[in-house]
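The residues of the chain are indexed from 1 along the displayed sequence.
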Amino acid sequence: MMFRVMLIDDDVPMLKVLRQMIDWEAHHLQIVGSTYSSAKALHMFEEVQPDIVITDIGLPQTNGIELADRFISMKPEIRVIFLTCHEDFQYAQQAVKLKADDYLIKDQLTAEQLVQSLGKSVRLLKSRVGLINRETARCNSILFRKDLLQRVIDGAPSETTVAYAEQIGISWTYPWFMLGIVSIHFSSFDNRYKQSEYPLILYAIYNIALELSESSEGITPFLEQENIVIMYNFRVNLAQNANLHLHNYLQQLRFKCSHFLKIQPSVIKVTDKVELDTIGPVFQKMVQDKCEFYENTDYIDSDTLHITSQMFQPAPKGFLDGYVSELERAVIRDDLEGISGILQEIARIAREMSIIPDDFVRELSSMLRGIELIFSSLKFDEDLFAYLALTRTLEDTMELVERKFMLAMKSRHKGAVITVQEPKLQVIQQYIDQHLADNITSIDMARYLFLNPSYFSRYFKRMAGLTFTDYVHQYKMKVATNMLKMSNQNLESLAVGLGYSDRTYFSKVFKKYVGSTPSEYKARHLARK
């Protein structure tokens with residue numbers, strides 16, 4: 001009997017690696033579909049009806065965890081294997097209660113591990129043990145809770161919202177609510193995890209919140225796109241301090257996140273009484289305006305009046321320009337203490353001016369991009385800019401920038417030594433140059449160097465400080481930027497010439513490593529002429 005397998009990963013070379021890694025038919029397995037898009041994955045799943053799905057966790061738009069939840073609701077007996085980049089995964093495993101068959105670490109993945117994981121899935125399929133039965137999936141799905149939260153945000157009539165909540169097992173019997181938002185502190189997250197693990201860790205926090213809510217009356221957690229939302233339904237009761245009840249719950253949540261996940265989440269909660277049908281505007285103001293941005297603590301009590309009346313000022317045009325030359329001089333002198341002082345001064349000015357948080361982050365990101373252009377040997381990884389857009393406090397923002405600055409400064413000097421100590425890197429670069437039009441994988445490169453693929457992946461990451469796939473993408477994007485400056489070649493032919501058969505995927509990779517789309521980059525270059 002052949003079992004049908006579907007592969008999902010937004011990194012196309014990884015899909016090729018998985019296809020090449022084992023003889024699928026020899027193990028009675030057939031790859032019936034593969035895609036880099038979570039949106040396409042849902043349509044493909046309905047068409048090919050796989051028995052096993054291997055999916056990356058860190059997918060954009062709909063992440064692998066949410067995708068798996070959708071698959072399970074459509075086909076409860078489906079088996080799921082997750083791919084992750086995280087090398088120290090046991091922290092998340094202590095908290096995440098996903099009923100997946102296995103978690104495979106990409107950079108350490110071997111053919112033997114893949115066969116072993118698939119063997120486990122096949123055995124479970126044969127015994128007809130599903131991940132979760134249809135009734136449980138229907139009643140406990142995150143998707144139903146998300147739908148409930150959306151009804152609250154949209155201001156649906158409270159009677160119908162309460163009735164809907166009751167249908168999915170949530171009892172809101174009192175007239176008043178308190179609201180809390182729990183978000184990840186990215187400077188602590190970045191110290192331990194990778195960007196692709198963000199959805200997983202958010203899911204882990206949600207599961208901790210869910211477990212704690214079982215013994216905390218009236219508290220309902222929701223997994224929102226970028227935060228955990230806590231709604232506390234209560235009545236005014238002299239025998240119980242409602243504010244203290246929610247405070248204790250959130251403190252327990254913070255403690256468990258610190259203990260299990262080694263991160264400290266940020267928390268803001270509304271302490272006054274809010275009616276169900278008025279939560280929407282308060283919630284949207286909290287999320288969109290980041291009203292806690294300039295506060296000095298990770299745990300903030302507020303009230304609706306403070307949140308709705310909070311006023312920030314637009315960032316004056318070029319207000320950070322004066323700090324660029326100071327940072328340039330500090331970089332040239334390798335003055336890490338000076339860089340730290342400049343960043344602290346920038347934070348002080350932003351707080352005094354009470355600049356709109358998103359404006360400040362945008363100006364800060366633009367300044368850092370400019371520093372990168374001035375110093376070709378100083379590169380910030382793209383995680384920084386993704387995290388900056390999500391940070392909710394000035395403290396977290398500046399801690400993150402300072403940490404990334406220090407890492408970039410260290411790797412700047414480290415990178416100068418690599419080519420001298422590791423001559424094999426030159427051989428690898430030559431191979432990439434000779435195969436620019438090919439979709440090169442670590443398996444291809446390992447074969448060329450007569451190395452075991454698993455050994456090569458570990459060797460290369462130790463040598464270059466990044467994965468082979470990231471290195472190839474970066475290398476090709478440097479070629480692409482030069483081509484965009486020097487020729488009038490259209491994007492389709494440029495993409496094909498660099499081994500990207502799909503223009504959309506090429507543009508996505510270009511934006512990830514360059515910071516703008518190919519069209520935006522070319523327009524900017526032409527404007528400077």
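Contact of the Leu202 side chain with the Ile184 side chain is registered, since non-hydrogen atoms from C-beta on lie closer than 4.5 Å. Taking 4.5 Å as the limit, some side-chain heavy atom of Phe283 sits within range of a side-chain heavy atom of Val287. Lys75 has its side chain within reach of Glu77: a pair of non-hydrogen atoms, C-beta onward, lies under 4.5 Å apart. Contact check for Gln20 versus Thr441: side-chain heavy atoms found under the 4.5 Å cut-off. Inter-residue side-chain proximity for Leu179 and Met231 is flagged as met; some heavy-atom pair is nearer than 4.5 Å. Counting heavy atoms from C-beta on, the side chains of Leu276 and Trp172 come closer than 4.5 Å. In this structure, the side chains of Tyr193 and Leu261 come closer than 4.5 Å at one or more pairs of heavy atoms. Contact check for Met178 versus Val270: no side-chain heavy atoms found under the 4.5 Å cut-off.
When all heavy atoms of Ser216 and Tyr249 are compared, the pair lying nearest together is OG-CD1, 3.5 Å. Shortest non-hydrogen contact noted between Met21 and Leu114 is SD-CD2, 4.1 Å. Across all non-hydrogen atoms, the minimal contact from Leu83 to Asp56 is O-OD1, 3.3 Å. Contact record, Lys476 with Asp438: NZ-O, 2.8 Å, taken as the closest heavy-atom pair. Residues Pro50 and Ile78 approach most closely at O-CD1, 3.1 Å, considering heavy atoms. Nearest heavy-atom pair, Ile440 versus Ile432, reported as atom, atom and distance to 0.1 Å: CD1-CA, 3.9 Å.
The closest donor-acceptor contact from the side chain of Arg192 to the backbone of Ile263 lies at 3.5 Å or more, if one exists at all. In this structure, Thr467 contributes its side chain and Asp470 its backbone to a donor-acceptor pair below 3.5 Å. Of the possible polar contacts, none joining the Asp102 side chain to the Leu104 backbone as a donor-acceptor pair under 3.5 Å is found. Proximity of a side-chain donor or acceptor of Ser258 to a complementary backbone N or O of Arg254 within less than 3.5 Å is not detected. A donor-acceptor pair under 3.5 Å is absent between the side-chain atoms of Asn63 and the main chain of Pro199, judged by distance alone. Between the side chain of Tyr198 and the main chain of Glu226, a donor-acceptor pair closer than 3.5 Å is present. Checking side-chain atoms of Asn233 against main-chain N and O of Phe177 turns up no donor-acceptor pair under 3.5 Å.
Between Arg403 and Asp190 there is a salt bridge, with a side-chain nitrogen of the basic residue lying less than 4.0 Å from a carboxylate oxygen of the acidic one. Contact check on Glu382 versus Lys511 returns no salt bridge, with no Lys/Arg side-chain nitrogen under 4.0 Å from an Asp/Glu carboxylate oxygen. Salt bridge annotation for Asp358-Lys290: present, with a cationic side-chain nitrogen under 4.0 angstrom from a carboxylate oxygen. Between Lys16 and Asp444, at least one side-chain N (NZ, or NE/NH1/NH2) sits under 4.0 Å from a carboxylate O, which counts as a salt bridge. Between Asp396 and Arg392, none of the side-chain N atoms (NZ, or NE/NH1/NH2) sits under 4.0 Å from a carboxylate O, so this pair counts as no salt bridge. Salt bridge Asp101/Arg79: present, at least one basic N to carboxylate O contact under 4.0 Å.
Residue-environment remark: CD (Gln225) stays at or below the threshold of 12 foreign heavy atoms within 6.0 Å. Residue-environment remark: NZ (Lys120) exceeds the threshold of 12 foreign heavy atoms within 6.0 Å. Residue Lys256 places its NZ atom among 12 or fewer non-hydrogen atoms of other residues, nucleotides or ligands, all under 6.0 Å distant. Few gaps surround CD on Glu492; more than 12 heavy atoms of other groups in view lie less than 6.0 Å from it. Within a 6.0 Å radius of CZ in Arg4, other residues, nucleotides and ligands contribute more than 12 heavy atoms.
Ring pair His473/Tyr505 is perpendicular by interplanar angle, where above 60° counts as perpendicular and below 30° as parallel. Using cut-offs of 30° and 60° for the angle between ring planes, the Tyr471 and Tyr475 rings count as parallel. Classification of the Tyr431-Tyr448 ring pair by plane angle, with boundaries at 30° and 60°, yields tilted. Ring geometry for Phe456 against Phe468 counts as perpendicular: the plane angle is over 60°, on a 0 to 90° scale with 30° as the lower cut. Between Phe510 and Phe506, the two ring planes are tilted [angle within 30° to 60°]. Between Tyr387 and Phe189, the ring-plane angle classifies as perpendicular under the 30° and 60° cut-offs.
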Side chain to side chain contact (heavy atoms under 4.5 Å, CB included) between Gln251 and Leu246: does it pass, once the steps are laid out? CA-CA 9 Å; Gln251 288 293 69; Leu246 180 58; over 6 Å; no
Intermediate values then yes/no, side chain to side chain contact (heavy atoms under 4.5 Å, CB included), Leu253 and Ile208: CA-CA 7 Å; Leu253 177 59; Ile208 295 172; 3.7 Å; yes
Audit row: Lys106, Met14, side chain to side chain contact (heavy atoms under 4.5 Å, CB included) steps and yes/no: CA-CA 9 Å; Lys106 290 184 183 181; Met14 188 63 199; 4.1 Å; yes
When you look at Met2 and Leu29, which way does the side chain to side chain contact (heavy atoms under 4.5 Å, CB included) test go after all the steps? CA-CA 5 Å; Met2 277 285 196; Leu29 298 164; 5.6 Å; no
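Not a single salt bridge (charged side-chain N to carboxylate O under 4.0 Å, His left out) links Asp502 to another residue, sequence neighbours left out.
Each of Ser457, Ser442, Pro453 was scored for a side chain to side chain contact (heavy atoms under 4.5 Å, CB included) with Val17, with one residue passing: Ser442. Checking each of Lys404, Lys194, Lys512 against Asp381 for a salt bridge (charged side-chain N to carboxylate O under 4.0 Å, His left out) leaves exactly one that passes, namely Lys404. With respect to Leu18, the side chain to side chain contact (heavy atoms under 4.5 Å, CB included) criterion is satisfied by exactly one of Asp9, Val5, Ile443, Leu109: Leu109.
Between atom CD of residue Glu166 and atom OG1 of residue Thr161 there is a gap of 13.0 Å, rounded to the nearest 0.5 Å. With rounding to the nearest 0.5 angstrom, the OG1 atom of Thr391 is 7.5 Å from the CZ atom of Phe186. The CE atom of Met6 lies 8.0 Å from the OG1 atom of Thr55; values are rounded to the nearest 0.5 Å. Atom CD1 of Ile268 is separated from atom CD of Glu292 by 4.0 Å, given to the nearest 0.5 angstrom. From Ile219, atom CD1 reaches atom NE2 of His245 across 4.0 Å, with rounding to the nearest 0.5 Å. If you take CG on Asn191 and NE2 on His185, they are separated by 11.5 Å, rounding to the nearest 0.5 Å.
Judged purely by distance below 3.5 Å, without hydrogens or angles, the side chains of Glu224 and Asn227 pair a donor atom with an acceptor atom. If you check the side chains of Asp147 and Tyr164, you find a donor sitting under 3.5 Å from an acceptor.
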Compile the donor-acceptor pairs under 3.5 Å between side chains in residues 39-49 and protein atoms, sequence neighbours left out, one pair per line.
residue, atom, partner, partner atom, Å
Gln49, NE2, Phe45, O, 3.4
Gln49, NE2, Glu46, O, 3.4

